[in-house]
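Comments concern the structure below.
Each ligand, and each atom within it, is numbered from 1 in the order the structure gives. Please read all numbers here as calculations on a predicted model, not as lab measurements.
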Amino acid sequence: MTARRRPRVPIRPAVATLPAYVPGARTPVGAAAFKLTSNEIPYPPLPSVVAAIADAAQDVNRYPDMHATELVEAIAARLAATPEESLSGDVVPFRVTPENVVAGNGSVAVLQHVLEAVIDVGDEVVMPWRSFEAYPIVVAVAGGTAVPVPVREDGRLDLPAMAAAVTDRTRVVLVCSPNNPTGPVVHQDELDAFLAQVPDDVLVVLDEAYVEFVRDPKVADGLATMARHRNLVLVRTFSKAYGLAGLRVGYAVARKRIARAVRATSTPFGVNHLAQSAAIASLAVEGELLERVERVVAERTRMVALLHEQGWDLPDAQGNFVWFALGSASAARAAEATAAGVLVRPFAGEGIRVSVGEPEATDLLLKVSAGWLPRR
Ligand SMILES: *Cc1c(COP(=O)(O)O)cnc(C)c1O
């Protein structure tokens with residue numbers, strides 16, 4: 001007797017082959033370990049933000065504001081008011097209005113909705129690689145085909161090679177500045193040359209998740225560049241500098257027509273009520289939050305200097321993390337760090353990303369990293 005196989009529900013091939021998003025290891029409760037795996041701010045939320053979250057908890061029997069109106073207005077006002085101290089000269093920034101801002105359940109979700117708004121099955125998305133591990137996943141889920149372009153030896157994006165990878169099938173190019181996990185930013189002259197080459201009907205997404213940590217004066221200014229290019233969209237987040245990773249809220253800044261399309265593809269009520277309230281409260285105390293960012297930047301400077309003294313020549317760290325390109329040794333080296341009490345994020349076969357956290361964590365890491373230096 002032959003057993004007949006019962007038919008099974010097919011899974012989309014693109015989904016069956018998705019790479020897994022590997023979250024950074026979490027510190028076991030009660031364990032004495034520093035968590036430097038996920039580029040989080042090491043400080044708890046400010047009291048006024050906690051109070052806003054607690055207040056909002058009273059209303060969670062109601063759906064949240066579907067389009068996060070108050071938050072979107074606060075973001076637009078903030079972006080319109082402080083023309084991002086233009087690090088790169090006198091440039092007129094794009095005038096942001098609430099119609100240009102779309103909030104979502106973390107900027108990864110926003111990016112997903114951006115892609116869903118413009119991509120049809122089989123369309124190509126050019127992206128740097130190694131870069132943010134969510135990129136190949138959101139591209140494939142949107143039905144697109146990822147076209148990875150290797151990041152240079154020094155951890156910088158190879159924008160000329162990315163421009164050269166654009167074909168008739170390309171609908172989107174992802175640009176990550178600073179690049180996670182390698183660290184350097186895209187410079188204004190590089191982005192200008194790139195945008196001059198990319199056709200106007202190809203969407204360029206500039207992921208500025210770490211923009212608040214950048215101190216490289218040559219960094220490309222996203223808002224200023226948007227004023228000159230209709231095909232540029234910015235993606236930003238409250239997860240990193242604003243310390244709200246656990247609540248999930250990010251946003252895109254886009255031309256109105258594109259923003260409308262992104263709203264159309266967004267999950268209804270995608271930003272929960274606690275997250276909206278916390279993000280609004282965070283913008284109200286932004287000065288204090290940015291002082292903490294300043295502390296992280298100072299710690300990054302100290303960490304990089306000590307690593308340099310130790311003999312490391314690392315890519316320029318402009319986010320709240322540093323990158324060790326340790327290749328095949330990465331997994332074993334990361335295990336050594338864990339044993340020493342610092343959790344780091346290995347990318348098997350490629351390198352280790354270490355977030356900038358408490359000074360004590362840096363000191364512990366330095367002890368471990370001394371043993372990682374290649375023998376000369
Ligand atoms: C952390 C990070 C984000 C933010 O993701 P959220 O979903 O907003 O938490 C986006 N892009 C990059 C490159 C990141 O590293």
Side-chain angles (χ1 to χ4, degrees), residues 19 21-24 26 35-42 45 68 71 75 101-116 125 127-139 141 146 148 151 155-157 172-186 204-214 219-220 222 233-253 262 266-267 270-272 274-276 278-279 282-283 289 293 296 300 315 317-323 344-345 347 351-357:
Y21 187 107
V22 183
R26 294 172 65 87
K35 181 178 188 295
L36 305 182
T37 53
S38 303
N39 298 346
E40 298 144 338
I41 278 275
L71 173 59
I75 292 167
V101 178
V102 188
N105 184 38
S107 59
V108 173
V110 176
L111 175 59
Q112 173 101 47
H113 301 319
V114 168
L115 295 174
E116 286 160 346
V125 177
M127 62 175 197
W129 200 252
R130 168 52 75 174
S131 188
F132 186 30
E133 66 179 325
Y135 292 163
I137 301 173
V138 290
V139 168
V141 170
V151 166
R156 296 189 169 279
L157 300 199
V172 181
V173 183
L174 303 180
V175 178
C176 191
S177 172
N179 187 50
N180 174 10
T182 58
V185 290
V186 167
V204 177
V205 180
L206 181 61
D207 185 340
E208 298 189 312
Y210 301 95
V211 66
E212 298 87 356
F213 298 96
V214 174
V219 65
V233 167
L234 312 182
V235 175
R236 293 188 177 183
T237 181
F238 282 89
S239 296
K240 307 287 160 56
Y242 292 82
L244 296 181
L247 280 177
R248 319 300 305 123
V249 48
Y251 60 95
V253 185
V262 178
S266 291
T267 312
V271 188
N272 74 73
L274 304 188
Q276 292 188 30
S282 297
L283 285 173
L289 291 173
V293 167
V296 173
R300 176 182 75 197
Q318 290 293 320
N320 60 341
F321 53 89
V322 295
W323 174 247
V344 300
R345 172 71 171 89
F347 293 82
I352 292 180
R353 189 191 66 202
V354 184
S355 308
V356 179

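Not a single ring-ring contact (aromatic ring centres under 6.0 Å, His included) links F213 to another residue, sequence neighbours left out. In terms of the side chain to side chain contact (heavy atoms under 4.5 Å, CB included) criterion, residue partners of S107 (sequence neighbours excluded) are, by chain and number, V235, T237. Shown here are the side chain to side chain contact (heavy atoms under 4.5 Å, CB included) partners of S38, two or more places apart in sequence or in another chain: K35, E40.
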I'd like the atom pairs linking ligand 1 to the protein - N or O on both sides, separation under 3.5 Å - with distances to 0.1 Å.
from	atom 1	to	atom 2	distance (Å)
ligand 1	5 (O)	S107	OG	3.3
ligand 1	7 (O)	S107	N	3.1
ligand 1	7 (O)	V108	N	3.1
ligand 1	7 (O)	R248	NH2	2.6
ligand 1	8 (O)	S107	N	2.6
ligand 1	8 (O)	S107	OG	2.8
ligand 1	8 (O)	T237	OG1	2.6
ligand 1	8 (O)	S239	OG	3.4
ligand 1	9 (O)	S239	OG	2.6
ligand 1	9 (O)	R248	NH1	2.8
ligand 1	9 (O)	R248	NH2	3.2
ligand 1	11 (N)	D207	OD1	3.2
ligand 1	11 (N)	D207	OD2	2.7
ligand 1	15 (O)	N180	ND2	2.7
ligand 1	15 (O)	Y210	OH	2.6
ligand 1	15 (O)	K240	NZ	3.4

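Closest of all the heavy-atom pairs between A134 and Y21 is CB-CE1, 3.9 Å.
Using a 3.5 Å distance cut-off with no hydrogens or angles, the side chains of N180 and R353 do pair a donor with an acceptor. In this model, a donor atom of one side chain and an acceptor atom of the other lie less than 3.5 Å apart for S355 and N39.
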